[in-house]
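Single-structure report; data block below.
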Amino acid sequence: MDHQQTIANQKVSEMSKTADKLSQAAETSEFPTFDPSEATDQLLVIAEKRVEQSTEAIAKFQSSAEENQKVLKSTFETAWLVGNELALTTIAALRANTEAHFSYLQALAVQSHCPR
């Protein structure tokens, strides 16, 4: 029994030493404390940066959209003007061809009615 008691005392002593080491380690090592106000401030800073970046992105997008709209408007106006000019030129050519055909038919009619 004496041997078993000695072993038990050694184990208790070892456990006590381990507990002392753990408590010393806990006392010497400092864990940072969590401050909710600092976390809130950091989240607000991050949110403000994101809002600012989003606002800049929207402004760039809007500027690009306005520039594209101007280019498209100019392109469509040019196409419309060219289309109108082409239509007027086509009408003038058709009118000239029609008048030439009527003049030719008139000349044929005059020749066919006049005996030789």
Side-chain angles (χ1 to χ4, degrees):
M1 188 92 161
D2 192 30
H3 181 62
Q4 289 178 346
Q5 195 174 13
T6 305
I7 292 174
N9 285 340
Q10 284 177 348
K11 286 186 179 182
V12 169
S13 175
E14 287 175 8
M15 288 173 46
S16 175
K17 288 179 185 177
T18 304
D20 287 341
K21 286 181 183 178
L22 287 174
S23 66
Q24 285 176 355
E27 289 174 6
T28 58
S29 65
E30 293 183 20
F31 292 103
T33 57
F34 178 73
D35 187 7
S37 65
E38 287 182 17
T40 304
D41 291 342
Q42 290 175 353
L43 286 174
L44 284 174
V45 168
I46 291 170
E48 287 174 355
K49 285 181 182 178
R50 296 298 180 244
V51 167
E52 184 179 328
Q53 290 173 345
S54 297
T55 304
E56 290 174 2
I58 289 171
K60 288 179 183 178
F61 178 77
Q62 184 178 8
S63 174
S64 295
E66 289 172 356
E67 289 175 17
N68 289 339
Q69 184 179 9
K70 288 177 185 176
V71 168
L72 286 174
K73 184 178 179 182
S74 173
T75 302
F76 284 128
E77 286 176 355
T78 302
W80 183 76
L81 289 173
V82 169
N84 281 346
E85 188 176 320
L86 179 63
L88 291 175
T89 304
T90 303
I91 290 170
L94 289 172
R95 180 177 289 154
N97 284 340
T98 304
E99 288 176 1
H101 284 30
F102 279 135
S103 296
Y104 179 72
L105 287 175
Q106 216 173 18
L108 283 178
V110 169
Q111 284 182 359
S112 64
H113 288 316
C114 293
R116 281 191 185 198

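We number each residue from 1, following the sequence as shown.
We find the CD1-CZ distance between Ile46 and Arg50 to be 7.0 Å, quoted to the nearest 0.5 Å. Glu99 contributes atom CD, which lies 11.5 Å from atom CD of Gln106 (distance to the nearest 0.5 angstrom). Annotation: the span from Leu86 atom CG to Leu81 atom CG amounts to 12.5 Å, rounded to 0.5 Å. Atom CD of Gln62 sits about 9.0 Å away from atom CD1 of Ile58, to the nearest 0.5 Å. Distance check: Phe61 CZ to Glu66 CD gives 11.0 Å after rounding to the nearest 0.5 Å. The CG atom of Leu108 lies 11.0 Å from the OG atom of Ser103; values are rounded to the nearest 0.5 Å.
Of the possible polar contacts, none joining the Ser74 side chain to the Lys70 backbone as a donor-acceptor pair under 3.5 Å is found. Formation of a donor-acceptor pair under 3.5 Å by the Ser63 side chain with backbone atoms of Ala59 is not found in this model.
Residues Asp41 and Val45 fail the side-chain proximity criterion, which asks for heavy atoms closer than 4.5 Å.
Counting heavy-atom neighbours within 6.0 Å of Gln53 CD, excluding the residue itself, gives a total above 12.
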